[in-house]
Each structure stands twice: as structure tokens, then as C-alpha cells.
**Q** 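This structure is in C-alpha cells; I'll ask about it shortly.
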Amino acid sequence: QQKVQQSPESLTVSEGAMASLNCTFSDGTSNNFRWYRQHSAKGLEVLVSIFSDGEKEEGRFTAHLNRANLHVSLHIREPQPSDSAVYLCAVTTSGSWQLIFGSGTQLTVMP
Amino acid sequence: EAGVTQSPRYAVLQEGQAVSFWCDPISGHDTLYWYQQPRDQGPQLLVYFRDEAVIDNSQLPSDRFSAVRPKGTNSTLKIQSAKQGDTATYLCASRDSLTGQLYFGEGSKLTVL
């Protein structure tokens, strides 16, 4: 059974400073990785999807994937207070349509 | 293009009562998912459909939970005899078969007193 873990549980950064979030997964055959953002009482907004080792940038959001280390990270450049939200990592295993989520990182961006 | 629509947005029940949540996916998306998200946790898959067929319902918590998608479009998730432990947000998502991307509704927040 795929296990997805995120760290840290919460993170506070100042406006404009880089924010870095981490996600580890247990199944090395995983091939589909997504980062979502969830504002309070709102649905999930996909930020970036990555399918191969390396880096994928979508605006201010950059994902780094290293499948050998079972690790995917999200870096937020120049975060703003409106970026304050829960960030969720989600992983799909090859051959499955199931998306398995981590428990999230609560990001707070201070003005 | 309309997104995934869920209703009701909020429900408050006493233990033992029943509730139904409704989901209208994005038109043309053949795969539909229901997730349960307890407070301060990530979403956990309950059940998913392709068209009207249940692909996997093994993670429905108990026989108090049921889900249907009779015409392969809208779906209903029903909880009978609700318990306090069912307190959570119930998220519906539909999948774009071309990109594999999941699109989520805003969720139905359930509180069981």
C-alpha cells in the first residue's frame, strides 16, 4: 500500500522568501506526482504535475522529482500572503487511477 | 467550462441520522472519485467509478456508506446512521482522460454532533 508523507507539518515564511515543501513516497513504481493547494473551505487547485525525474516549473511553483530517493519537493518563489494555504502532495502508482495524498503542509506567509 | 459541482456545501446531523451528498462532474469526464478528508488530514479515497461501474469501493468505511452513479454522470454518496467519526469534508473529483488530471469540487462539509 502506497504511503505518502509530507514535511514539515507547518511552515511560516516571510513574504518574498522561498518556501520549500517535501514529500516522500513508498512505491518506487510511482509515475505521476502532483502538488495541490487547498485554501480554507475550498476545493483543491492543482499547481504542478511532474512525471519524470528532474524539475517542472509552473509560474512561481517548481517541483523537483527524484524517484531513486522516493522524494518530490515543491518550491514556491516569492510567496505572497495569498499563498497561505494547505499544500498537498499526491502520488499515482503505475497502472492505477488512484491518487494517494499526503497529510499536507500548512503554509503561512507573513507580510 | 463548468467545474465539478457538489451539494450541499454544509450539513450538520445528530448521530443516527442519514445524509446524501450529490456530485455533478465535468461534462465528458468518465471517471469520478469520492474522497473523505477529516480535519487536518489529506483526502482519503472512498470509491471511484468509470462511467456507471464501481471500479473500487474497498475503502468505503462500512456498510453505512454507499455510492452510486446510475447513468455515468452525476453521483450520490449516502451515509446512513451517521457517527461522530464521520465528521469530515467529502470531496468529489472527476478525471480528464486525456491529461489524467483530476478536478475537485469545493466539497461537502459534514459535522455529526
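In the text below, chain A, chain B and the rest are named by the order of the sequence lines, each starting its count at 1.
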**Q** Are there residues of residues 65-85 of chain A that reach to under 4.5 Å of chain B by heavy atoms, and which ones?
**A**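 The stretch does not come within 4.5 Å of chain B.
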**Q** Chain A: which of B:Ala93, B:Pro38, B:Gly100 shares the most heavy-atom pairs with it under 4.5 Å?
**A** B:Gly100
**Q** By a 4.5 Å heavy-atom criterion (distance strictly below it), what part of A:Leu88 contacts chain B: side chain, backbone, both, or neither?
**A**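 Just the side chain, heavy atoms under 4.5 Å.
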**Q** Under 4.5 Å heavy-atom distance to chain A, tell me which part of B:Leu102 shows up: side chain, backbone, both or neither.
**A**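 Contact with chain A involves both backbone and side-chain atoms of B:Leu102.
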**Q** Tell me, for B:Tyr33 versus chain A, whether the close heavy atoms (under 4.5 Å) come from the side chain, the backbone, both or neither.
**A**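 Interface part for B:Tyr33: side chain.
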**Q** Only counting residues at least two apart or in another chain, list the ones meeting salt bridge (Lys or Arg N to Asp or Glu O under 4.0 Å) with B:Asp96.
**A**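 Partners of B:Asp96 by the salt bridge (Lys or Arg N to Asp or Glu O under 4.0 Å) criterion come out as none, since no residue qualifies.
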**Q** Sort by residue number and list every residue of residues 16-39 of chain A having at least one heavy atom under 4.5 Å from chain B.
**A**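 Counting heavy atoms that sit under 4.5 Å from chain B, the residues of residues 16-39 of chain A involved are A:Arg34, A:Tyr36, A:Gln38.
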**Q** Within this structure, what is the CZ-CG distance for the pair B:Phe104 and A:Leu99, rounded to the nearest 0.5 Å?
**A**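 B:Phe104 CZ to A:Leu99 CG: 6.0 Å, rounded to 0.5 Å.
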**Q** Chain A heavy atoms under 4.5 Å from B:Gln101: which part of the residue, side chain, backbone, both or neither?
**A**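 Both parts, heavy atoms under 4.5 Å.
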**Q** Please flag which part of B:Asp56 lies under 4.5 Å from any non-hydrogen atom of chain A: side chain, backbone, both or neither.
**A**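 Only the side chain of B:Asp56 comes within 4.5 Å of chain A.
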**Q** CD/A:Gln98 to OH/B:Tyr35 distance, rounded to the nearest 0.5 angstrom?
**A** 7.0 Å
**Q** Test of understanding: with salt bridge (Lys or Arg N to Asp or Glu O under 4.0 Å), list the residues that count as partners of B:Lys109, not counting sequence neighbours.
**A**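 None.
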**Q** Is B:Thr31 in contact with chain A via its backbone, its side chain, both, or neither, using a 4.5 Å heavy-atom distance?
**A**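 Only the side chain of B:Thr31 comes within 4.5 Å of chain A.
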